[in-house]
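Let me begin by presenting the structure, written as structure tokens, before commenting on it.
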Amino acid sequence: MKLNKTSYAVALLSAASLNAHAVLTTVDNGLGVYSSVSNVTWTSDANLLGTMETQQGSSTVINAIIAANGGVIHDTPNIYDNGTYTLSFSDFNGNGTGTADWWGAQAFVHYLNSIDYGNSSQWALPTSNGTYGYDGTAGDQLGQLFYSELGGTASSLIPTNSHFTNEQTYAYWSSTVYSGSPLGAWFFNTGHGFQYHYYKGYQLYAWAVSPGQVNAVPEPGVVWLFGTGLLGLLGMKRRGHAG
């Protein structure tokens, strides 16, 4: 009888462990999606800038983004500036599209940090490992999401997933500057699953990512299962001492 009760408690704890280590988990009341594979949290809205523009008005959002960055983005020195790029409305497409050039995309993730979006102040553009082609290895965060977490395949569209909304089958900026020229940066194309580099002045999408699990609070079901298992083990221990 004791063996059966112990097995039951262990089963409950095991179920809690399995639920807590799902590959993709919605966190922070739906604002983020945590990947236990890469140990990062993505915004659940894959075109959050476009959503903000639609809901609040493009001018309002772009003004707020520029103000939050002090009107500039610090960049690798190049032939056009000394490493301090002046932001303007032309860095954003506006009209609810959500696209921006590389400087605008950087300004957007900095803005998310200024408002502690999703209880995080560590949002950034995803990193790239600077490898041309169909790649999803370590260091290429969007590639890992595409191939590992979402199960995408080369030359195919990014798979839809219930955890995310507004996935765009186009190109997303990375934070990684192209080593061949400070005027270029790497991007990942979710319409084909490959990465390359573009001139920073092109307007692409921005998908923000934050290290670790944002607002790391166990789901109510996991807490209940874990607590039930512990109570069962404690109860058996007490009865064992009593006997």
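Small disclaimer: the values here were computed from a predicted structure and weren't measured. Position 1 is the first residue of the sequence, and the numbers go up from there.
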Are side-chain N/O atoms of [X] and [Y] paired as donor and acceptor at under 3.5 Å?
X: Ser38; Y: Glu149; answer: yes
X: Glu167; Y: Asn161; answer: no
X: Tyr172; Y: Asn189; answer: no
X: Ser210; Y: Ser120; answer: yes

Under the 3.5 angstrom rule, does the side chain of [X] hit a backbone N or O of [Y] as a donor-acceptor pair?
X: Tyr111; Y: Val61; result: no
X: Thr41; Y: Gly212; result: yes
X: Thr153; Y: Ser156; result: no

Atom pair [atom1] ([X]) and [atom2] ([Y]), whose distance is rounded to the nearest 0.5 Å:
X: Leu24; Y: Ser36; atom1: CG; atom2: OG; value: 7.5 Å
X: Glu53; Y: Thr99; atom1: CD; atom2: OG1; value: 7.5 Å
X: Asp75; Y: Asn82; atom1: CG; atom2: CG; value: 10.0 Å
X: Phe108; Y: Leu87; atom1: CZ; atom2: CG; value: 14.0 Å
X: Phe194; Y: Phe188; atom1: CZ; atom2: CZ; value: 9.0 Å
X: Leu145; Y: Leu150; atom1: CG; atom2: CG; value: 4.5 Å

Before giving the answer on side chain to side chain donor-acceptor pair (under 3.5 Å), spell out for Thr131 and Asp140 the whole-Å C-alpha distance, their side-chain angles and the decisive distance to 0.1 Å. CA-CA 9 Å; Thr131 301; Asp140 177 21; over 6 Å; no

For a quick test of reading the model, state the closest non-hydrogen atom pair linking Asp101 to Gln203 and the distance between them. N-CG, 3.7 Å

Give me the atom names and distance for the closest heavy-atom approach of Thr86 to Asp91.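 Answer, listing the atom of Thr86 first, then Asp91: O-OD2, 4.1 Å.
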
Relative to the ring of Trp103, is the ring of Tyr85 parallel (under 30°), tilted (30 to 60°) or perpendicular (over 60°)?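 Answer is parallel, since the angle falls under 30°.
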
In terms of relative ring orientation, are Tyr202 and Tyr198 parallel, tilted or perpendicular, with 30° and 60° separating the classes?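 The arrangement is tilted - the two ring planes meet at 30° to 60°.
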
Asn69 and side chain to side chain contact (heavy atoms under 4.5 Å, CB included): which single residue from Val72, Ile73, Ile66 fits? Ile73

Is it the case that over 12 heavy atoms from other parts of the model lie below 6.0 angstrom from the OH atom of Tyr170? no

Is Tyr80 atom OH crowded by more than 12 heavy atoms from other residues, nucleotides or ligands, each under 6.0 Å away?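 No.
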
Taking the six-membered ring where the residue is Trp, are the ring centres of Phe164 and Trp207 under 6.0 Å apart?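 Yes: the rings meet the under 6.0 Å criterion.
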
Per ring pair (Phe, Tyr, Trp, His ring centres under 6.0 Å), Tyr196 is matched among Tyr132, Tyr134, Trp173, Tyr178 by Tyr132

For a 4.5 angstrom cut-off between non-hydrogen side-chain atoms, does Ile65 reach Leu49?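 In contact.
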
